[in-house]
S.K.: 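The structure follows.
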Amino acid sequence: MSCIYIHIPFCKTRCIYCDFFSTTQLELRDQYVNAVCKEIELTDKYLDGDTIHSIYFGGGTPSQLTPSQTGRILDTIQAHHPIAQNCETTIEINPDDVTESYVAALRSLHVNRVSLGIQTFHNDILRFIHRRHTSQQAIDAVRQLQGNGFSNISIDLMFGFPGETLEDWLHDIEQALKMNVQHISAYSLMYEEGTKLYDLLTHQQIQEIDEELSRTMYQTLTERLKDAGYEHYEISNFAQPNYYSRHNSSYWNNTHYLGLGAGAHSYNGTSRQNNISNLKEYIDDIHLGEPRVEIETLSNDQKYNETVMTRLRTSKGLNTDSIKMNFGNDFYHHLMTTATPYLNIGLLKITDGNLSLTPKGIYISNDIIASLFV
Ligand code: SF4
């Protein structure tokens, strides 16, 4: 089983915290869709005829494509790849793009999962980060999707905005729970270099929230969602039973995936390849029949590091025997030696042969994971 990811790098406006590859040159959408369809033809052997069980439109803002543009991409995928009967087809959408006709069109395209970028239900924060929707629009969008038969909805939330209090965050969590969505992804706000948010911070116009508060916010999130029946299956991801995201899961299950569009990555088990992150050059190259990709053959060290990183982010963790089996004794010894200090102080644990982060360890997961690398 393989997956397909399509990157849609268009946004109506830019949010101040975002460093994703996207553009506001909406006039290029049609040319871009043509290029993606051509790329599907050019790369049709990449997955060796394997059946596709997840198709994911990410962005950018995929809901900035018209349904007919989205449909053209889906039809072309269908013409070149076998698609599983129960394929999970997800589209990331912004609440302000949700209309009755758009939702109906998604249904007719057999999109069966949507991921809504909500971030917060506080209008003052939404305005500050330059999101285009209001809290009410986000609530209405979820209702409209549910009313039109969407039974697999994910929402994205963020916490740790400048000036945000624990009460503010609790309000967001409770509002999310009221909507009874199947999946919640929650991230702490990051100050990425090159963004307007980063500039505000470096010019001391805003202040990061206190680290202790950020930790409490994350802890509150995990406890509250767990109480409400969500499974905390990955550091930032929570799902009702049987609603783990297939797209997310593919990254730690070593599933092969084809990434289409400017800036997209692909992986076929031995190498990773990246499409060029320049819209115009991507379109031009594809039309010449020569997509530009950077291919990186993964060394054993890189594969080991990726396995450690992706698996340790999951609640199931990393099976230590599988490290011995797939990478050999030296890697196994390295893993156990580097993990031992964290096991001793309760930041990592081993259950049924699976090494995983404890709740205390999750908060400094990046540091722990990096120190297990070769
Ligand atoms: S957060 Fe999403 S909508 Fe905002 S600029 Fe980034 S990709 Fe576009």
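For reference, positions follow the sequence shown, starting with 1. Just so you know, ligand 1 is whichever comes first in the structure, and atom 1 is the first atom listed for that ligand. Both backbone and side-chain heavy atoms feed into the values below; hydrogens, waters and symmetry mates do not. These numbers were taken from a predicted model, which means no experiment stands behind them.
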S.K.: Let me check your reading of the structure: within less than 2.8 Å of atom 8 (Fe) of ligand 1, is there an N/O/S atom from Cys18?
M.R.: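 No, outside the cut-off.
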S.K.: Out of Arg14, Glu92, Gln119, Arg131, who is nearest to atom 2 (Fe) of ligand 1 when you count heavy atoms only?
M.R.: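 Closest candidate by heavy-atom distance is Arg131.
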S.K.: If we only count heavy atoms from C-beta on, is the Met158 to Tyr17 side-chain gap below 4.5 Å?
M.R.: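 SC-SC contact between Met158 and Tyr17 confirmed.
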S.K.: Is the side chain of Tyr56 donor-acceptor paired with the backbone N or O of His247 at a distance under 3.5 Å, no angle test?
M.R.: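 It does not hold such a pair.
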S.K.: Should you measure from each heavy atom of Asn94, which atoms of ligand 1 turn up under 4.0 Å away?
M.R.: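 What qualifies from ligand 1 is 3 (S).
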S.K.: Show the atoms of ligand 1 that are less than 4.0 angstrom away from any heavy atom in Tyr17.
M.R.: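 Near Tyr17, the atoms of ligand 1 are 1 (S).
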S.K.: Using a 3.5 Å distance criterion without hydrogens, assess whether the side chain of Gln219 forms a donor-acceptor pair with backbone atoms of Tyr363.
M.R.: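 Such a contact is absent between Gln219 side chain and Tyr363 backbone.
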S.K.: Under 4.0 Å from a heavy atom of Thr61: which atoms of ligand 1 are those, numbered in the order shown and with their elements?
M.R.: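 Once the distances to Thr61 are compared, the set is 3 (S), 8 (Fe).
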S.K.: With a cut-off of 4.0 Å, which atoms of ligand 1 are near a heavy atom of Cys11?
M.R.: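 Taking each heavy atom of Cys11 in turn, ligand 1 has 3 (S), 5 (S), 7 (S), 8 (Fe) under 4.0 Å.
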S.K.: For ligand 1, is there an atom lying under 4.0 Å from some heavy atom of Gly60?
M.R.: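 Yes.
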S.K.: Closer than 3.5 angstrom, by distance alone: can the side chain of Thr320 be matched with the main-chain N or O of Gly353 as a donor-acceptor pair?
M.R.: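 Here the side-chain-to-backbone pair exists.
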S.K.: Hey, is there an N, O or S on Cys15 sitting under 2.8 Å from atom 4 (Fe) of ligand 1?
M.R.: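 True for Cys15.
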S.K.: Do the side chain of Asn112 and the main chain of Cys87 share a donor and acceptor less than 3.5 angstrom apart?
M.R.: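 Looks like yes, one N/O pair under 3.5 Å.
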S.K.: In the structure I gave you, are the side-chain heavy atoms of Leu74 and Phe57 within less than 4.5 Å of one another anywhere?
M.R.: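 They are in side-chain contact.
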